[in-house]
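Data block below; observations after.
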Amino acid sequence: MASQFIHITLPDGTRKQVPAGCTVREALTPEGGRLDAKVLAAKINGEPRDLSCPLEQDATIEPLTFESAEGREVYRHSSTHIMAQAVKEVFPTAQLTIGPALDDGFYYDFAFDRPFTPEDLEKIEARAIEIMKRGLTVTRSELSKQDAIKFFQERGEGYKVELINSFDDASPISLYRQGEFVDLCRGPHLPTTGYVGAFKLLSTGGAYWRGDERNPMLQRVYGTSFPTKKELDAHLAKLEEIKRRDHRKLGKELDLITIQDEIGPGLVLWHPKGSLIRLLIENFWREQHIKDGYDLVYSPHVARLDLWKTSGHVDYYRENMFVSMKLEGSEYQLKPMNCPFHIMIYKSHMRSYRDLPIRYGELGTVYRYERTGVLHGLLRVRGFTQDDAHLFCRPDQIEAEVSRVLDFTFFVLGTFGFTEFEVYLSTRPEKSVGSEENWTIATNALEAALKSRGVAYEVDPGEGVFYGPKIDIKIKDVLGRSWQCSTVQVDFNNPERFKLAYTGEDGKAHQPIMIHRALMGSIERFFGILIEHYAGAFPTWLAPVQAVVLTITDNQQEFAAKIVSTLKSHGFRVEADIRNEKIGFKIREAEKNKIPYMLVVGDKEVQSGMVSVRGRSGANHGSLPIEAFLELLRTDANQTLRQTATHSQTR
């Protein structure tokens, strides 16, 4: 006879006896009390479930609230269903497709005969808020595959039928109902539509069904939701700030970069000011790599296709590679990666164990075929320059080399103003190559390097690359957004494919370990992140123009030219604005161009030989002699160089 009671264990270790068959809600509700309204769902033995889910056996239960990532996903996914129901009520002919939760919102794709307009969004949002007020109970049910197909066929939901047809025949199909609205979904969901407190639709766009341009174009609606209006308003204000900082907008306004249709999508034109900033970044990169024991190399933009067959890219990466070119009876390929070239440089000589580690660094431009729909300014392009490096070492050197890379990474990112990081250690995936012994050695070395440096990290099980484990580092910008930039990957596969070797202390041939390493990821993407992090107001050492001399009348032109000449002779980037415009207009233009310092000169300054100094943030430094301003500018611009010198002394 089955037991009438089961035991549940809460996160604090408390054990509780409850009737078998009771729901999660009932199990979590205090005796004689009510369940905290903040509890949205729960994890049962680690799996998210509805509060209405029955409990038949002993289980560990963790309540989920909006404060947790899993709780927010439940909240936003339920919000997606509310939006989808609103669309169906306002536009009954719209067909449902898919609608996932995002980190800070959600979207749903609809098959509709035209794009949704702003007026449409207003109607949909109003209906969604009405559905929230109805407080509709959300219930889960299951059907067989055939019954689910029939159900959605009868409702005219062809896209849902296509999805179901791709599912396993034996597995039950779960549906969620709220009022008259029913959707295909694995859940879990909020108990009622009334749990959503604040809701906002944000924008619309187009998206191909299943991300394939050969499929029909769908209408995507984006939205977000929060428990309170205060939280929603704060998020909307953050979105406005993100718009203000958008690197595509600022890149054009500050005359830094453009991407033009005549040239092709995802291909960047660097204008003079953007190119100057890039040069400063690259010069810093090269100088620091030389100091850190790297050898700088260059490689061609194309190579025989056979090279990419040996590396495995043709097998594993072909869809992201441009079409090959035939030339003189051979096929050539635009390079998607730099690593095979570095391997061939290593292979050009016989190496000894005494030569290792060898570190090759290159700012190498690569080309990848990204679908038009995923291209996004500088953040997702088709031609970009990786700050690439490959280290060849003995197995016993992995930990030391990774530790060195971590120190170098945090130093470089810190120099550009990033001080908060999220670090992940990704372990062996199901589909992988190499022996268990090598994987264990490499994973343990990566973990030991993180621990020896006191780096907080999370383990990301099974998310390593097929050829080895890796460390991924995300930076946080001034708005708290995370950006994937740095990666350190251990590779057993390529040394084996290319038959790399070194002569060991025993006189025998041994296979080296290869470490792939990028600090910034790519110059293009990193530059886009920098623009948004600083809202275009780069620190003085990176600013394309560090100071501008503003004349009040034509009488000061000669004095302005002298100031510019003096500052340039000391290595600073300075311009003069001698246009016949009012000084207020010139100041506003300089502020708009994010120039760190404005030197206003009138007749009084000419007579005294001084300049009136204004900062772009509104700071008034008063009247200063040229020598005093030079020291101010030098101190500001050289702050990073002093940090660099300090770091160099510790390496």
Where [X] and [Y] come nearest, the two heavy atoms and their spacing:
X    : Y    : value
F572 : L630 : CE1-CD2, 3.6 Å
P544 : F538 : CD-CD1, 4.4 Å
L446 : K470 : CD1-N, 3.7 Å
F526 : C485 : CD1-SG, 4.3 Å
Y294 : A389 : CE2-CB, 3.7 Å
T540 : Q546 : O-NE2, 3.0 Å

Among residues at least two apart in sequence or on other chains, which ones pass salt bridge (charged side-chain N to carboxylate O under 4.0 Å, His left out) with [X]?
X    : result
E240 : K243
E253 : K249
R304 : none
R573 : none

Taking atom types as modelled, is there a side-chain donor on [X] or [Y] under 3.5 Å from an acceptor on the other?
X    : Y    : result
Q333 : S324 : no
S486 : T409 : no
T258 : H271 : yes
E447 : Y457 : yes

So how far is it from [X] [atom1] to [Y] [atom2], rounded to the nearest 0.5 Å?
X    : Y    : atom1 : atom2 : result
S522 : I529 : OG    : CD1   : 8.0 Å
E282 : S275 : CD    : OG    : 9.5 Å
K273 : N593 : NZ    : CG    : 5.0 Å
L363 : N283 : CG    : CG    : 9.5 Å
D460 : I471 : CG    : CD1   : 12.5 Å
L413 : E420 : CG    : CD    : 13.0 Å

Taking only residues two or more places apart in sequence or in another chain, which ones pass side-chain contact (heavy atoms from CB on, under 4.5 Å) with [X]?
X    : result
E436 : R428, T440
V297 : H342, I345, Y360, E362
P265 : L375, R382

Please verify the inter-ring angle class for [X] with [Y]; under 30° counts as parallel, over 60° as perpendicular, anything in between as tilted.
X    : Y    : result
Y597 : F629 : perpendicular
F341 : W308 : perpendicular
F284 : F416 : perpendicular

Determine whether a donor-acceptor pair (N or O, by modelled atom type, separation under 3.5 Å) exists between the side chain of [X] and the backbone of [Y].
X    : Y    : answer
H247 : L378 : yes
R497 : T310 : yes
D387 : M520 : yes
R72  : F66  : yes
D355 : S352 : yes

Any Lys/Arg nitrogen of [X] or [Y] sitting under 4.0 Å from an Asp/Glu carboxylate oxygen of the other?
X    : Y    : result
R278 : E524 : yes
R359 : D295 : no
R245 : E241 : yes
K474 : D472 : no
R404 : D292 : yes
R614 : E591 : yes

Residues, nucleotides or ligands: over 12 heavy atoms within 6.0 Å of [X] [atom1]:
X    : atom1 : result
E213 : CD    : yes
E505 : CD    : no
E73  : CD    : no

Is any side-chain heavy atom of [Y] closer than 4.5 Å to one of [X]?
X    : Y    : answer
E458 : L425 : no
L500 : K347 : yes
V490 : N438 : no
I441 : W439 : no
S299 : K335 : yes
W285 : L296 : yes
Q386 : N338 : yes
M337 : H313 : yes

Sequence neighbours excluded, which residues qualify as side-chain hydrogen bond (donor to acceptor under 3.5 Å, both in side chains) partners of [X]?
X    : value
Q397 : none
R481 : D477, E532
Y208 : none
N494 : D491

Passing candidate, side chain to side chain contact (heavy atoms under 4.5 Å, CB included) with P336, options Y369, Y317, Y367: Y317
Ring centroid separation [X] to [Y] under 6.0 Å:
X    : Y    : result
Y502 : Y353 : no
F418 : W483 : no
F410 : F421 : yes
Y346 : H390 : no

Less than 3.5 Å apart, which donor and acceptor atoms pair up between the side chains of residues 508-515 and the rest of the protein, not counting sequence neighbours?
from, atom 1, to, atom 2, distance (Å)
H510, NE2, D506, OD1, 3.0
H510, NE2, D506, OD2, 3.1

